[in-house]
Amino acid sequence: MVERRMYVIGGLGGIAGHEGFGPDYELPNDGYLETCAAIGAGFFHQRMNLQFGEAKYADELERVLYNGVLSGVSLKGDSYFYENPLEAGKTRSRWAWHGCPCCPPMFLKIMGALPGSIYAQDPQGVYVNLFIGSSAEIRMKEGRLKLKQVTRYPWDGNVGINVDPEKPGKFAMNLRLPEWCRTPEIRVNGQPLQSVDSVRGYARIEREWKQGDAIELSLPMPVERVHANPMVKADLGRVALRRGPIVYCLEGGDNGGIVRNLVIPPEAALNAEHRADFLGGVTVIRGNAKAVRRADWGSALYQARHPQDVADHPFTAIPYYANANREPAEMRVWMA
């Protein structure tokens, strides 16, 4: 499912006719991607993580939560999407209601369950699976353990975790090292850890913990270009933008009305900018694209020369989950 039939936003089920999978690598950008399917995937990833204790399942839970699930509800919370394609025309808008209202209660179901997905434990210690501001009290064999997590994630990769055991005790704190992060850094009580054991995708810190101990996790978040496997024909010659766990899209309203004619050159600089007053507070990506402008064809149906010119065009990309929250506009995730 994850290696051959899942979209970059974590969504599933590209074929509308049966609300399900197509063949391997068939991932059309105008596919179905029902919100309920993304939510089902989130629960599945979380259960796989509990069963096998591997961080890769929590990576996929994070991907679908921030992208394929969150896109299903508007920023105001009063309208929603049943389908979540990766490109859309300029008339697409969210629904206030639908005769088959399965997606809103499913969204509430996964949001209600979310606190139970942040942490996990086994007899040897605790696992931090999601980086979300939170407090937790966990029953350990050494006694009760209180955790407090402070972070601006996903806009900032700095995560602080206060570790307060009821009494001093030796156990392991396991911090997920996201697949997208190349150079994580960890400090304990202000001291950088020179070497950390990586166990099934987690940084394992085993020591005697006492009240007042603190962990600082730094996850650098450069803007990245994501490419699809060449077997995905819909995305040949295309690129998607990602920063941390967030997948981005371009909307016409931010980019001169249309986005299907924009090309992002491989050498173009990509810059992240946080805008607290925009779309509820988001980090956007800015850069320079090339706009392919087509000249007037007149009455010709075919001709030997393609009358077009190319011009520089600054662009702004927004988090995919925030698409379709203003006026209807063209939208694309995978850009030429």
Side-chain angles (χ1 to χ4, degrees), residues 39 42-43 45-47 49-50 53 55 57-66 69-70 73 77 107-178 181 184-193 196 199-219 221 244-246 274 276 280-283 321:
I39 293 165
F43 281 118
H45 300 318
Q46 195 257 350
R47 301 301 194 275
N49 174 259
L50 292 180
Y57 299 114
D59 283 346
E60 297 306 335
L61 170 61
E62 177 180 77
R63 181 202 301 265
V64 76
L65 281 173
Y66 282 110
V69 170
L70 196 55
V73 67
F107 180 81
L108 294 176
K109 182 177 180 179
I110 198 164
M111 289 298 102
L114 185 59
S117 301
I118 301 173
Y119 305 100
Q121 67 183 120
D122 65 14
Q124 285 73 48
V126 174
Y127 294 77
V128 182
N129 284 318
L130 297 176
F131 306 117
I132 296 174
S134 54
S135 297
E137 187 171 297
I138 300 171
R139 294 176 182 174
M140 308 280 288
K141 61 184 178 182
E142 297 84 1
R144 292 184 181 273
L145 169 65
K146 291 183 178 180
L147 297 176
K148 183 177 182 180
Q149 188 178 163
V150 179
T151 182
R152 291 183 62 249
Y153 194 92
W155 312 124
D156 186 313
N158 295 321
V159 180
I161 303 171
N162 295 332
V163 183
D164 283 316
E166 189 174 33
K167 56 184 179 180
K170 186 175 182 179
F171 56 89
M173 289 292 298
N174 300 277
L175 313 181
R176 179 172 64 91
L177 301 176
C181 185
E185 296 180 1
I186 302 173
R187 294 174 179 264
V188 175
N189 297 332
Q191 299 301 310
L193 299 185
V196 179
V199 180
R200 301 188 304 278
Y202 292 91
R204 184 178 181 87
I205 310 170
E206 188 167 10
R207 66 194 296 273
E208 183 173 277
W209 298 92
K210 61 184 184 304
Q211 287 189 4
D213 283 343
I215 302 172
E216 299 168 68
L217 174 64
S218 177
L219 303 170
M221 291 183 171
I246 303 293
H274 191 73
V282 299
T283 295
Y321 78 77

State, with a plain yes or no, whether a side-chain heavy atom of [X] is found less than 4.5 Å away from one of [Y].
{"X": "Ile186", "Y": "Ile215", "answer": "yes"}
{"X": "Tyr153", "Y": "Ile132", "answer": "no"}
{"X": "Met173", "Y": "Val128", "answer": "yes"}
{"X": "Val126", "Y": "Met140", "answer": "yes"}
{"X": "Tyr127", "Y": "Asn49", "answer": "no"}
{"X": "Phe131", "Y": "Pro178", "answer": "yes"}
{"X": "Glu62", "Y": "Leu130", "answer": "yes"}
{"X": "Ile39", "Y": "Lys109", "answer": "no"}

Approximate separation, where rounding is to 0.5 Å, of [X] [atom1] and [Y] [atom2]:
{"X": "Asn162", "Y": "Leu147", "atom1": "CG", "atom2": "CG", "result": "9.0 Å"}
{"X": "Tyr119", "Y": "Gln149", "atom1": "OH", "atom2": "CD", "result": "4.0 Å"}
{"X": "Asn174", "Y": "Arg200", "atom1": "CG", "atom2": "CZ", "result": "7.5 Å"}
{"X": "Glu142", "Y": "Lys170", "atom1": "CD", "atom2": "NZ", "result": "11.0 Å"}
{"X": "Ile161", "Y": "Lys148", "atom1": "CD1", "atom2": "NZ", "result": "13.0 Å"}
{"X": "Lys210", "Y": "Asp164", "atom1": "NZ", "atom2": "CG", "result": "11.0 Å"}

Closest non-hydrogen atom pair between [X] and [Y], with its separation:
{"X": "Pro192", "Y": "Gly190", "value": "CD-O, 3.7 Å"}
{"X": "Met221", "Y": "Gly244", "value": "CG-CA, 4.1 Å"}
{"X": "Gly201", "Y": "Ala55", "value": "O-CB, 3.4 Å"}
{"X": "Gly42", "Y": "Ile110", "value": "CA-CD1, 4.3 Å"}
{"X": "Ala203", "Y": "Val196", "value": "CB-CG1, 3.4 Å"}
{"X": "Arg176", "Y": "Ala58", "value": "CD-CB, 3.5 Å"}

Would a distance-only check, ignoring hydrogens and angles, find a side-chain to backbone donor-acceptor pair under 3.5 Å from Thr151 to Asn158?
->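 Yes: the side chain of Thr151 pairs with the backbone of Asn158.
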
Checking side chain to side chain contact (heavy atoms under 4.5 Å, CB included) against His45, which of Asp59, Val64, Leu65 comes through?
->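 Between His45 and the candidates, side chain to side chain contact (heavy atoms under 4.5 Å, CB included) is satisfied uniquely by Val64.
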
Ring geometry between Tyr321 and Trp155 (parallel below 30°, tilted from 30 to 60°, perpendicular above 60°) |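 Trp155 and Tyr321: tilted rings.
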
Between Leu145 and Gln121, does a side-chain contact (heavy atoms from CB on, under 4.5 Å) hold up when you go through it step by step?
-> CA-CA 11 Å; Leu145 169 65; Gln121 67 183 120; over 6 Å; no

